[in-house]
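All remarks here apply to the structure that follows.
The basis for the numbers below is simple: all heavy atoms, side chains too, and nothing from hydrogens, waters or symmetry mates. One-based numbering, in listed order, for ligands and for the atoms of each. Values in this document were obtained by computation on a predicted structure and should not be read as measured data.
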Amino acid sequence: MALDLTGRSAVITGSTKGIGRAVAAALVQAGASVVVSSRTASDVAAVAEEIDALGPGRAIGIPCDVRDREACERLIEGAVEAFGSLDILVNNAGLGRFAPLQEMDHETWDQQIRTNLDGVFYCSKAAVPHLMRGEESWIINLGSLAGRNSFAGGVAYNATKFGLRGMTEAMMLDLRHEGVRVTCIMPGSVNTHFFEGGPHPEDDWKLKGEDLAQLVLDLLAFPPRALPSKIEIRPSMPPRK
Ligand SMILES: NC(=O)c1ccc[n+]([C@@H]2O[C@H](COP(=O)([O-])OP(=O)(O)OC[C@H]3O[C@@H](n4cnc5c(N)ncnc54)[C@H](OP(=O)(O)O)[C@@H]3O)[C@@H](O)[C@H]2O)c1
């Protein structure tokens, strides 16, 4: 039987493109009320309208730069005001800028830390009081296999995703007895706008946003006693090295 999320509400950061957008669409198609969000107000309005039209759930748009603590607080409050509660937070907004240490400038380092780590803290902190009131609440953080495997040029990105993996596990331990389940999803390559000029048709071997959306739906279908806390997902047939 298909998962029915009628009556459940969700905030998905960075959901105008890529993984976040696919997750937002899937949740609305499962009946949830969803806030679509990103830094670009025009995209937020257009994508929220498009996803809302999918039904049977609904979508509204609230712009939010997750590097801005007050904007994160407004995002969460806006969701609660619109839907009356908050059940699911997907901390998805993130970016990767790759360069060796000797070429990594301070601004690029700072932007990644602020987006990939500070943003998760700000949104989670604002959401927790609401999530703790719910019956089946969930925080889902988009980590990465780059949170387990370091690579040359990953000095900043690896730092954020290793950090996010540790942070998510600590959050899980803090919140499991409060009725809030916390999961870290760690994908390998996904064909999205994450990569310069993407998505690329020649990168068809990569995962698609829809694969991550299916994973989120499967996760939400688990009964309250079960908590898949860390999930790795990778392309099954990457090019041979
Ligand atoms: N693609 C991959 O191969 C891959 C693999 C593993 C993990 N991930 C993780 O998956 C997550 C989503 O990535 P994606 O591949 O879907 O990327 P994407 O296609 O580039 O989408 C990123 C989304 O986040 C938004 N965003 C960027 N900076 C933001 C900020 N400061 N505040 C709010 N929104 C912001 C973007 O919109 P605006 O720019 O308009 O704000 C966009 O909607 C990231 O955390 C990434 O690290 C991706």
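Side chain of Asn158 to backbone of Phe151: a donor-acceptor contact under 3.5 angstrom is found. Within the 3.5 Å criterion, the main-chain N or O of Ser85 finds no donor-acceptor partner in the side chain of His130. Of the possible donor and acceptor atoms, none in the side chain of Ser124 sits under 3.5 Å from a partner among the backbone N and O of Phe121.
Below 4.0 Å from some heavy atom of Asp65 lie the following atoms of ligand 1, by number and element: 30 (C), 31 (N), 32 (N). For ligand 1 and Ser189, the ligand atoms under 4.0 Å from any heavy atom of the residue are 3 (O). Atoms of ligand 1 found under 4.0 Å from any heavy atom of Gly188, numbered from 1 in the order shown, are 3 (O), 5 (C), 6 (C). Which parts of ligand 1 touch Gly18 is read off a 4.0 Å heavy-atom cut-off, strictly below it: atoms 16 (O), 19 (O). Residue contact check: Lys161 has heavy atoms under 4.0 Å from atoms 45 (O), 46 (C), 47 (O) of ligand 1. Ligand-side atoms of ligand 1 in range of Thr40: 38 (P), 40 (O), range being under 4.0 angstrom from any heavy atom. Set against the non-hydrogen atoms of Cys64, the atoms of ligand 1 under 4.0 Å away are 32 (N), 33 (C). The contact set between ligand 1 and Phe195, taken as ligand atoms under 4.0 Å from a residue heavy atom, comprises 1 (N), 2 (C), 3 (O).
In terms of protein heavy-atom proximity, atom 27 (C) of ligand 1 is nearest to Arg39 NH2, 3.5 Å. Nearest protein heavy-atom neighbour of atom 48 (C) of ligand 1: Ile19 CD1, 3.9 Å. For atom 43 (O) of ligand 1, the closest non-hydrogen atom on the protein side is Thr16 OG1, 2.7 Å. Gly143 O, 3.1 Å is the protein heavy atom nearest to atom 7 (C) of ligand 1. Considering only non-hydrogen protein atoms, atom 20 (O) of ligand 1 sits nearest to Phe194 N, 3.2 Å. The single protein non-hydrogen atom nearest to atom 21 (O) of ligand 1 is Lys17 CB, 3.8 Å, given as residue, atom name and distance. Shortest contact from atom 11 (C) of ligand 1 to any protein heavy atom: Asn92 O, 3.1 Å. Atom 46 (C) of ligand 1 has as its closest protein heavy atom Tyr157 OH, 3.7 Å.
Both Ile233 and Ile19 belong to a common hydrophobic cluster when Ile, Leu, Val, Met, Phe, Trp and Tyr are linked at side-chain heavy-atom distances under 4.5 angstrom.
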TODO: Could you walk me through whether Asp43 and Thr16 pass the side-chain hydrogen bond (donor to acceptor under 3.5 Å, both in side chains) test, one step at a time?
DONE: CA-CA 6 Å; Asp43 286 356; Thr16 53; 4.5 Å; no

TODO: Just do the side-chain hydrogen bond (donor to acceptor under 3.5 Å, both in side chains) check on Gln214 and Glu210 with the steps written out, would you?
DONE: CA-CA 6 Å; Gln214 183 184 330; Glu210 289 77 4; over 6 Å; no

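The residue from Ser37, Ala41, Ser15, Ala93 that puts a heavy atom closest to atom 35 (C) of ligand 1 is Ala93. Distances from atom 4 (C) of ligand 1 to the heavy atoms of Val190, Val66, Val47, Leu207 show the closest one on Val190.
Counted by atom type alone, Asp87 and Ser137 present zero donor-acceptor pairs between their side chains at under 3.5 Å.
Under the 4.0 angstrom criterion for non-hydrogen atoms, Gly96 is not in contact with ligand 1. Residue contact check for ligand 1: Thr115 places a non-hydrogen atom closer than 4.0 Å to it. For the ligand labelled ligand 1, residue Thr13 lies outside the 4.0 Å heavy-atom shell.
Under the 4.0 Å criterion applied to side-chain N and carboxylate O atoms, Glu232 and Lys230 are not assigned as salt-bridge partners.
Atom CG of Asp110 is separated from atom OG1 of Thr115 by 9.0 Å, given to the nearest 0.5 angstrom. Note that CE of Met186 is 9.0 Å distant from CG of Leu164, once rounded to the nearest 0.5 Å.
The number of heavy-atom neighbours closer than 6.0 Å to CD of Glu70, taken from other residues, nucleotides and ligands shown, is 12 or below.
Side chains of Glu50 and Arg21 form a contact here, defined as non-hydrogen atoms less than 4.5 Å apart.
If you look at Arg114 next to ligand 1, there are no close heavy atoms at all, none under 4.0 Å.
Ring centroid separation for the pair Tyr157 and Phe194 comes in under the 6.0 Å cut-off.
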